[in-house]
Amino acid sequence: MTLGEAMAFARAKIDRLDARLLLEHATGCTHADLLARPETPVIGPAYEQFAEWVARRAAGEPLAYLVGEAEFRGRVFQVSPDVLIPRPETEVLIDLALEKLRGLAAPKLVDLGTGSGIVAISLALECPAATVATVDLSAEAIAVARNNAGRLGAKVDFYQGDWFAPLAGQRFDLIVSNPPYVAAGDPHLALDGLPHEPPMALTDGADGLECIRRIVAAAPAHLNSGGWLLVEHGYDQGEASRNLLTAAGFKSASTFPDLAGIDRVSGAHL
Ligand code: GLN
């Protein structure tokens with residue numbers, strides 16, 4: 001089989017971009033090779049890997065889990081089925097966090113529920129003055145995030161535990177989180193590869209606001225005066241999140257849209 005034939009074989013089963021990325025990962029060829037030399041043979045193990053991936057992708061497995069990596073903010077992060085696949089909508093959480101950190105000499109921040117580590121690692125790399133801590137309940141997720149921090153050269157302190165539990169006595173200038181916020185039974189959980197992702201990273205098993213409630217309620221005891229809390233949430237959770245923030249004593253609660261114009265992050269300060 002040749003590169004061109006492999007593409008034709010995959011195109012009958014899966015999306016063109018996915019086919020190309022899987023072929024590039026399986027063979028080590030580049031997009032340019034694919035275009036310029038479609039007659040290049042695809043042999044033995046590379047072909048077997050490619051054919052297996054195409055079948056699994058056609059059955060709904062996310063591309064990122066097949067190739068073991070995903071891009072976020074121009075960096076490649078390793079991912080496994082122990083962590084949520086990075087979503088572009090989380091970019092707004094990073095941009096807002098950087099805005100709040102600007103002008104602070106040596107800020108301390110914590111990312112709650114880090115998963116693959118994209119939030120903590122992006123902030124550590126893009127705000128080198130900050131001291132960055134991160135928490136996850138899953139030891140497997142922490143292993144993935146620690147590996148990403150090492151590969152990308154980010155200095156991050158890791159804690160395993162339930163939200164603020166491992167942070168007793170610590171205060172921060174900024175708390176950020178992309179918690180599980182999909183309600184139990186939301187039909188979305190059955191679509192688009194989500195059944196392959198860790199349920200504990202997607203849903204709180206309740207109304208979708210349970211983790212946000214817990215984080216907002218406990219955050220004031222872990223923030224310095226003037227400190228900010230920023231949480232990612234679902235398209236219809238802005239108002240509820242702002243109400244929770246205000247009820248917990250936060251000031252100027254606001255909601256910010258993601259790149260698609262959908263309400264995605266709410267935040268406020270003490
Ligand atoms: N944005 C994700 C989705 O809707 C959910 C991420 C999360 O729960 N933190 O697929």
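In this chain, numbering begins with 1 at the start of the sequence shown. Both backbone and side-chain heavy atoms feed into the values below; hydrogens, waters and symmetry mates do not. Order of appearance sets the numbers: ligands from 1, and atoms from 1 within every ligand.
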Exercise for the section: Apply salt bridge (charged side-chain N to carboxylate O under 4.0 Å, His left out) to the pair Arg57 and Glu52, showing each step before the final yes or no. Expected result: CA-CA 9 Å; Arg57 182 73 196 95; Glu52 183 204 314; over 6 Å; no

Handout entry: side chain to side chain donor-acceptor pair (under 3.5 Å) assessment of Arg242 paired with Ser254
Key = CA-CA 6 Å; Arg242 291 194 302 279; Ser254 341; over 6 Å; no

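The aromatic rings of Tyr47 and Phe9 sit tilted, their planes meeting at an angle between 30° and 60°. Between His222 and Phe164, the ring-plane angle classifies as parallel under the 30° and 60° cut-offs.
Taking 4.0 Å as the cut-off between side-chain N and carboxylate O, Glu197 and Arg87 count as a salt-bridged pair. The residues Arg213 and Asp207 are annotated as salt-bridged, a charged nitrogen and a carboxylate oxygen being separated by less than 4.0 angstrom. Under the 4.0 Å criterion applied to side-chain N and carboxylate O atoms, Asp173 and Arg171 are not assigned as salt-bridge partners.
Remark: ligand 1 and Leu84 share no N or O pair separated by less than 3.5 Å (distance only, no angle test). Checked by distance only, ligand 1 and Arg264 stay at 3.5 Å or farther apart across all their nitrogen or oxygen atoms.
Within the 4.0 Å heavy-atom shell around ligand 1 one finds His188. Within the 4.0 Å heavy-atom shell around ligand 1 one does not find Gly234.
Remark: ligand 1 atoms within the under-4.0 Å shell around heavy atoms of Pro180 are 8 (O). In summary, the atoms of ligand 1 found under 4.0 Å from a heavy atom of Ala201, numbered by their order in the structure, are 7 (C), 8 (O), 9 (N). The distance from ligand 1 to the heavy atoms of Leu202 drops below 4.0 Å at these ligand atoms: 5 (C), 8 (O). Near Glu89, meaning under 4.0 Å from one of its heavy atoms, ligand 1 places the atoms 1 (N). For ligand 1, the atoms closer than 4.0 angstrom to any heavy atom of Pro179 are 7 (C), 8 (O), 9 (N).
In this structure, the protein non-hydrogen atom closest to atom 10 (O) of ligand 1 is Arg87 NH2, 2.9 Å. If you check which protein heavy atom lies closest to atom 1 (N) of ligand 1, you get Tyr181 OH, 2.8 Å.
Of the heavy atoms in Leu194, only side-chain atoms (C-beta onward) come closer than 4.0 Å to ligand 1.
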